[in-house]
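Everything below concerns the one structure shown next.
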Protein chains: 2
Amino acid sequence: MPIRLSLVEDDHLIREAFTDLLNNTEDFLVVSSYSNCEDYLRNLATDRPDVVLMDLELPRMGGVEGIERTKKLRPQTQLIVVTVYENDELVFKALCAGAGGYLTKNMPPSRLIEAIREIRQGGAPMSTNIARMVVASFQKNHHSPLTARETEVLERIAQGKSYTTIADELFVDKETIRTHIKNIYWKLEVHSKAEAIEKARKERLI
Amino acid sequence: MPIRLSLVEDDHLIREAFTDLLNNTEDFLVVSSYSNCEDYLRNLATDRPDVVLMDLELPRMGGVEGIERTKKLRPQTQLIVVTVYENDELVFKALCAGAGGYLTKNMPPSRLIEAIREIRQGGAPMSTNIARMVVASFQKNHHSPLTARETEVLERIAQGKSYTTIADELFVDKETIRTHIKNIYWKLEVHSKAEAIEKARKERLI
DNA sequence: ACCATAATCCCCTATTTTGGGTGAATGAAA
DNA sequence: TTTCATTCACCCAAAATAGGGGATTATGGT
């Protein structure tokens with residue numbers, strides 16, 4: 001049984017080039033290709049693709065929403081984003097929405113074929129830069145204004161813990177935690193938990 | 001100038017096999033290899049490796065701590081984990097600690113060479129399964145007991161926001177948020193924000 | 001038509017938490 | 001020596017929280 005593929009890509013030249021390439025690959029079958037998400041989603045149930053190659057810049061409904069809806073309608077569908085964008089926010093939105101791979105368009109055509117086989121074998125094909133961004137997202141900023149202790153406290157705040165709980169966990173008095181929090185707020189120039197967590201997450205302090 | 005490599009691996013057969021392989025590769029120079037983190041860290045400043053291949057299962061100090069200390073002592077050092085473990089927790093701990101790649105030992109030797117070139121070119125070499133785990137970590141559980149609205153509320157709770165703030169953001173009354181929270185607590189069988197956040201994160205409900 | 005669920009809102013109570021202010025002792029590092 | 005990190009203390013008032021009770025509306029499915 002061939003691997004069923006759908007394409008969603010608004011540039012018809014690329015769409016046709018990909019279709020040709022993939023249809024001439026052993027075991028691959030392009031069952032459909034669309035220039036927009038709406039048409040694609042309408043036919044998802046009848047197309048029954050194993051893997052979808054999705055662009056993100058699309059008219060009306062964007063690719064990220066397209067990914068989300070795909071996963072709701074047909075969770076077993078695997079999606080690979082194929083786009084020119086390598087902007088942080090968009091990459092993570094696409095992955096959170098359910099993309100299983102992310103390729104940028106400056107790749108050799110062979111990479112596309114490789115990626116489809118990779119995702120079917122339990123992998124997560126990504127372009128070099130994307131993989132780096134993804135891994136970097138786990139790592140902390142090494143130029144944090146916060147001390148080790150303050151970071152420890154803020155991490156626990158971000159876990160929703162109360163001052164009292166944190167104090168117990170760190171074997172210090174509640175007043176000590178309060179002092180740390182005051183210093184954290186002063187350093188981050190914020191005045192509440194929510195602001196502190198937001199800023200700390202954004203700057204990868206925690 | 002060749003790429004300077006250090007190895008940290010307690011099995012001396014593997015260590016020597018890797019050393020041979022890499023020293024016979026164009027542009028690569030294995031400057032040192034150790035069977036434990038302590039010796040490795042002591043010589044880090046004089047070895048000045050560009051890339052370190054690190055095992056995780058090591059006597060005394062573990063690989064994760066070794067990664068952390070490496071990044072503190074010499075932040076420009078790039079580390080690739082080479083191990084048999086593909087346990088969730090260990091993988092994420094290693095990446096959080098600063099690993100820039102993660103390979104499992106069931107790979108062809110050529111993959112090692114490829115990985116070193118990849119990390120030098122701004123990538124993040126990972127084995128198939130690891131890449132999948134990493135990407136999956138961004139995605140939500142599709143069998144959440146929570147409704148869409150409850151999830152929205154819990155996400156904001158996890159951002160440290162107060163009921164009042166959340167109510168304003170969702171254009172509903174504070175009492176509505178309180179009801180949602182009560183239902184969330186009942187469904188997750190918890191009795192506080194901290195417990196709810198912990199459980200929800202663990203089960204990827206948010 | 002009926003029932004379950006989701007989403008909305010209201011009231012009451014008691015305790016805890018939070019943010020802000022001010023001050024201070026200790027010890028380690030620069 | 002002087003800064004910095006960490007620790008603790010006491011005051012205050014406002015806000016937030018958890019738990020209990022109950023209610024209405026709308027929607028989807030059987």
Side-chain angles (χ1 to χ4, degrees), chain A residues 45 68-69 72-73 140-201 203 205-206, chain B residues 45 68-69 72-73 140-201 203 205-206:
Chain A
E68 262 172 22
R69 291 185 185 241
K72 281 197 181 136
L73 289 170
K140 288 185 193 167
N141 182 344
H142 285 112
H143 303 87
S144 172
L146 305 181
T147 68
R149 199 56 156 177
E150 285 163 356
T151 306
E152 239 175 327
V153 171
L154 188 50
E155 267 163 3
R156 286 170 164 82
I157 289 288
Q159 287 162 4
K161 291 170 179 165
S162 72
Y163 297 180
T164 320
T165 306
I166 298 171
D168 288 347
E169 285 181 5
L170 299 182
F171 306 107
V172 295
D173 195 274
K174 190 176 69 164
E175 288 301 319
T176 304
I177 301 301
R178 280 171 44 68
T179 305
H180 286 314
I181 304 259
K182 288 171 194 170
N183 292 331
I184 291 168
Y185 285 6
W186 183 81
K187 286 182 180 176
L188 300 187
E189 301 175 276
V190 297
H191 303 279
S192 70
K193 280 191 301 181
E195 288 176 289
I197 293 170
E198 194 190 354
K199 186 148 190 173
R201 291 234 169 94
E203 305 192 7
L205 308 181
I206 53 171
Chain B
E68 264 173 22
R69 291 185 185 240
K72 280 197 181 135
L73 290 170
K140 289 185 192 166
N141 182 345
H142 286 110
H143 303 86
S144 172
L146 305 181
T147 68
R149 199 57 158 175
E150 285 163 357
T151 305
E152 241 176 326
V153 170
L154 189 49
E155 268 164 2
R156 285 169 163 84
I157 289 287
Q159 288 162 5
K161 290 171 179 165
S162 72
Y163 297 180
T164 319
T165 306
I166 298 171
D168 289 346
E169 285 182 5
L170 299 183
F171 306 105
V172 296
D173 195 273
K174 189 175 73 163
E175 287 303 318
T176 304
I177 302 301
R178 279 172 44 67
T179 305
H180 285 314
I181 303 259
K182 287 173 195 171
N183 292 331
I184 291 167
Y185 285 7
W186 183 80
K187 285 182 180 176
L188 301 187
E189 301 176 276
V190 298
H191 303 279
S192 69
K193 279 191 300 182
E195 286 176 288
I197 292 169
E198 194 191 354
K199 188 149 190 172
R201 291 237 168 94
E203 306 191 8
L205 309 181
I206 53 171

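Chain letters run A, B, ... following the sequence lines, proteins first and then strands; every chain starts at 1.
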- prompt: Would you say the side chain of B/Thr147 lies within less than 4.5 Å of the side chain of B/Lys187, judging by non-hydrogen atoms?
  reply: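 Counting from C-beta outward, B/Lys187 and B/Thr147 do come under 4.5 Å.
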- prompt: Got B/Pro145 and B/Leu205 here, is their nearest side-chain heavy-atom distance under 4.5 Å?
  reply: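 The answer is yes; the side chains approach within 4.5 Å.
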Please state how far atom [atom1] in [X] lies from atom [atom2] in [N], giving the value in whole angstrom units.
{"X": "B/Asn183", "N": "C/dC9", "atom1": "CG", "atom2": "P", "value": "14 Å"}
{"X": "B/Glu150", "N": "C/dT8", "atom1": "CD", "atom2": "P", "value": "10 Å"}
{"X": "B/Arg156", "N": "D/dA16", "atom1": "CZ", "atom2": "P", "value": "16 Å"}
{"X": "A/Phe171", "N": "D/dC8", "atom1": "CZ", "atom2": "P", "value": "12 Å"}
{"X": "A/Glu195", "N": "D/dA15", "atom1": "CD", "atom2": "C1'", "value": "15 Å"}
{"X": "A/Asp168", "N": "D/dC8", "atom1": "CG", "atom2": "P", "value": "12 Å"}
{"X": "B/Ile177", "N": "D/dA15", "atom1": "CD1", "atom2": "P", "value": "19 Å"}
{"X": "A/Ile184", "N": "C/dT18", "atom1": "CD1", "atom2": "P", "value": "12 Å"}

query: So how far is it from B/Ile184 CD1 to B/Ile157 CD1, rounded to the nearest 0.5 Å?
result: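 B/Ile184 CD1 to B/Ile157 CD1: 7.0 Å, rounded to 0.5 Å.
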Between N or O atoms, less than 3.5 Å apart, protein on one side and nucleotides 17-22 of chain D on the other: list the pairs.
unit_1: D/dT17; atom_1: OP1; unit_2: B/Lys193; atom_2: NZ; d: 3.3
unit_1: D/dT17; atom_1: OP2; unit_2: B/Tyr163; atom_2: N; d: 3.1
unit_1: D/dA18; atom_1: OP1; unit_2: B/Tyr185; atom_2: OH; d: 3.1
unit_1: D/dA18; atom_1: OP1; unit_2: B/Lys193; atom_2: N; d: 3.1
unit_1: D/dA18; atom_1: OP2; unit_2: B/Tyr163; atom_2: OH; d: 2.3
unit_1: D/dA18; atom_1: OP2; unit_2: B/Tyr185; atom_2: OH; d: 3.0
unit_1: D/dA18; atom_1: N7; unit_2: B/Arg178; atom_2: NH1; d: 3.1
unit_1: D/dG19; atom_1: OP1; unit_2: B/His191; atom_2: ND1; d: 3.1
unit_1: D/dG19; atom_1: O6; unit_2: B/Arg178; atom_2: NH2; d: 2.1
unit_1: D/dG20; atom_1: O6; unit_2: B/Arg178; atom_2: NH2; d: 3.4
unit_1: D/dG20; atom_1: O6; unit_2: B/Lys182; atom_2: NZ; d: 2.4
unit_1: D/dG21; atom_1: O6; unit_2: B/Lys182; atom_2: NZ; d: 3.4

- request: On DNA chain C, check which nucleotide each of B/Thr176 and B/Pro145 is closest to and give me the residue with the more 5' one.
  value: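 It is B/Pro145, whose closest nucleotide lies nearer the 5' terminus.
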message: Between A/His180 and D/dT7, is there a contact of a side-chain N or O with OP1 or OP2 at under 4.0 Å?
response: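 Checking D/dT7 against A/His180, a side-chain N or O does come within under 4.0 Å of OP1 or OP2.
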query: Under 3.5 Å, side chain of B/Glu195 to main-chain N/O of B/His191, donor-acceptor pair present?
result: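 A pair under 3.5 Å: yes.
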query: Can you check whether A/Lys193's main-chain N or O pairs, donor with acceptor, with A/Tyr185's side chain at less than 3.5 Å?
result: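 Side chain of A/Tyr185 to backbone of A/Lys193: a pair is present.
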Sole candidate of A/Arg149, A/Lys140, A/Arg201 that passes salt bridge (Lys or Arg N to Asp or Glu O under 4.0 Å) when paired with A/Glu155: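 With A/Glu155 as partner, A/Arg149, A/Lys140, A/Arg201 yield a single salt bridge (Lys or Arg N to Asp or Glu O under 4.0 Å), made by A/Lys140.
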- prompt: Which of the following nucleotides, C/dC10, C/dT8, D/dC8, is nearest to the side chain of B/Asp173?
  reply: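 Of the candidates, C/dC10 comes closest.
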message: If I compare all heavy atoms of A/Val153 with all of A/Ile166, which pair ends up nearest, and what's the gap?
response: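 Looking at all heavy atoms of both residues, the closest pair is O-CD1, 4.1 Å.
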- prompt: Hey, does A/Thr147 reach any base, or is it just sugar-phosphate, or nothing, if we go heavy atoms under 4.0 Å?
  reply: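 Answer is sugar-phosphate: A/Thr147 comes under 4.0 Å of backbone atoms only.
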